[in-house]
Protein chains: 2
Amino acid sequence: MADESLSERYRAWQAEGLDPGGCPVRDVLDQLGDKWSTLIVIILAGGAHRFSALRRAIPDISQRMLTQSLRDLERDGLVLRTVFPTKPPSVEYRLSELGRSLLEPLAPLVGWAEANHGAIRAARARYDREQQAAE
Amino acid sequence: MADESLSERYRAWQAEGLDPGGCPVRDVLDQLGDKWSTLIVIILAGGAHRFSALRRAIPDISQRMLTQSLRDLERDGLVLRTVFPTKPPSVEYRLSELGRSLLEPLAPLVGWAEANHGAIRAARARYDREQQAAE
DNA sequence: TCCGCGAGTCTCTATTTGAGACCAGCACTC
DNA sequence: GAGTGCTGGTCTCAAATAGAGACTCGCGGA
């Protein structure tokens with residue numbers, strides 16, 4: 001089973017003394033898991049977007065967080081930023097080669113999320129009902 | 001290319017008026033992306049663990065966050081919690097069927113993280129160097 | 001009688017996030 | 001020529017969230 005190799009790999013990393021920036025899983029997934037990054041990558045999968053286009057695509061992100069998430073993604077080399085010196089300057093963001101390679105493992109996860117969203121919502125409702133009852 | 005279908009699906013959801021709990025991608029991935037959840041799932045992939053065993057496995061998680069992450073995972077039906085009424089009571093956590101099904105799409109992502117960790121670290125170093133130079 | 005264990009909870013502080021005002025340069029309008 | 005708007009940000013301040021560490025409860029052992 002490949003399942004167990006997952007925890008196996010984590011354990012292996014842990015065994016050889018946890019170096020600071022260390023564990024790839026944690027370093028990389030923490031970044032992707034910061035609420036906006038993954039979503040931005042998914043949107044950019046559909047093609048390059050300008051700053052304001054991204055803001056429209058994600059109505060409930062604050063400008064501050066959009067800027068910061070894009071910076072982080074750029075820093076990690078997943079996203080490329082190009083400034084066009086037009087009259088009001090415009091900035092275009094698009095996925096790099098590395099960013100595009102992330103889509104491959106990301107797609108199944110999104111598929112899983114869609115397929116199991118119903119089950120998760122049901123589980124939540126059940127849990128909440130039981131908590132209510134127990135109180 | 002399947003790549004674009006990712007953003008396509010997000011756009012489709014967005015088009016039909018964004019209902020609150022709405023978008024499966026956001027609802028589910030926000031949960032998984034909260035810094036500890038994914039890691040806990042990965043560790044539980046290797047078998048059931050007790051609360052204190054999890055704490056040892058993730059030395060830098062606070063007790064508070066471990067409790068909360070486990071509750072969330074339990075609420076979403078990914079993790080099962082069993083209390084054994086032993087002398088000092090012990091509690092065992094393990095993946096549910098649903099939780100185990102998540103491992104399948106998760107494994108490629110972890111693989112990607114390991115494979116590209118080096119590239120990301122290199123990109124970061126380059127970015128930081130350029131920032132330094134520009135300042 | 002006092003100590004410690006397991007699995008939490010509670011409190012207090014530090015860090016992150018979000019809302020929203022403000023900025024610069026230029027084009028267009030009045 | 002003053003006023004307005006667009007772009008892609010930055011700054012400040014308040015609210016939410018995470019982390020550290022003390023405290024709890026019942027019981028078994030020294």
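The sequence lines fix the lettering, A, B, ..., with proteins before strands; numbering per chain opens at 1. No hydrogens, no waters, no symmetry mates; every other heavy atom, side chains included, goes into these values. Small disclaimer: the values here were computed from a predicted structure and weren't measured.
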*Picking from D:dG19, D:dT10, D:dT7, which would you name as closest to the side chain of A:Thr67?*
D:dT10
*Does a side-chain N or O from B:Tyr93 land closer than 4.0 Å to OP1 or OP2 of C:dG6, or not?*
no
*Please report, rounded to the nearest Å, how far the P atom of C:dT16 is from the CG atom of A:Leu66.*
19 Å
*Atom CE of A:Met65 to atom P of D:dC11: distance rounded to whole Å?*
14 Å
*In whole angstroms, how far is the P atom of D:dA18 from the CG atom of B:Asp72?*
9 Å
*In whole angstrom, what separates A:Asp34's CG from C:dT15's P?*
19 Å
*In sequence, state the C-alpha distance, the side-chain angles, and the governing distance for A:Phe51 and A:Gln63, and then conclude on side chain to side chain contact (heavy atoms under 4.5 Å, CB included).*
CA-CA 9 Å; A:Phe51 187 84; A:Gln63 221 166 353; 3.9 Å; yes
_Criterion side chain to side chain contact (heavy atoms under 4.5 Å, CB included) on A:Leu95 and A:Leu103, from CA distance to verdict_ = CA-CA 10 Å; A:Leu95 291 181; A:Leu103 297 177; 3.9 Å; yes
*Provide, to the nearest angstrom, the distance between the NZ atom belonging to B:Lys35 and the P atom belonging to C:dT15.*
12 Å
_Verdict with supporting geometry, B:Phe84 and B:Val91, side chain to side chain contact (heavy atoms under 4.5 Å, CB included)_ = CA-CA 6 Å; B:Phe84 294 103; B:Val91 179; over 6 Å; no
_What's the closest nucleotide to the side chain of B:Ser90 if the choices are D:dG19, C:dG6, C:dG18?_
C:dG6
*For the side chain of A:Phe51, starting at C-beta, report the closest nucleotide among D:dG8, D:dA22, D:dG19.*
D:dG8
*Answer yes if the side chains of B:Ser37 and B:Asp34 hold a donor-acceptor pair under 3.5 Å, and no otherwise.*
yes
_Over all atoms of both residues, closest heavy-atom pair of A:Cys23 and A:Trp13_ = N-NE1, 3.0 Å
_By nearest atom, which of the nucleotides D:dG8, C:dG8, D:dA20 is closest to the A:Val91 side chain?_
D:dG8
*Nucleotide nearest B:Arg81 (side chain, heavy atoms from C-beta), chosen from C:dA7, C:dA19, D:dG19*: C:dA7
*Taking only N and O in the side chain of B:Trp36, is any of them less than 4.0 Å away from OP1 or OP2 of D:dG19?*
yes
*Would you say D:dA18 has OP1 or OP2 under 4.0 Å from some side-chain N or O of B:Ser62?*
no
_Rounded distance in Å - CD1 (A:Ile58) to C1' (C:dG18)_ = 15 Å
*asked:* Can you measure B:Arg56 atom CZ to C:dA7 atom C1' for me and round it to whole angstrom units?
replied: 13 Å
*Find which nucleotide of DNA chain C each of A:Gln63 and A:Pro88 is nearest to by heavy atoms, and output the residue with the more 5' nucleotide.*
A:Gln63
_Residue closer to the 5' end of DNA chain D, A:Arg64 versus A:Arg71 (nearest nucleotide)_ = A:Arg71
*To the nearest angstrom, how far is A:Gln68 atom CD from C:dG18 atom P?*
9 Å
_Heavy atoms only, 4.0 Å cut-off, all strands: where does A:Arg50 land among base, sugar-phosphate and nothing?_
sugar-phosphate
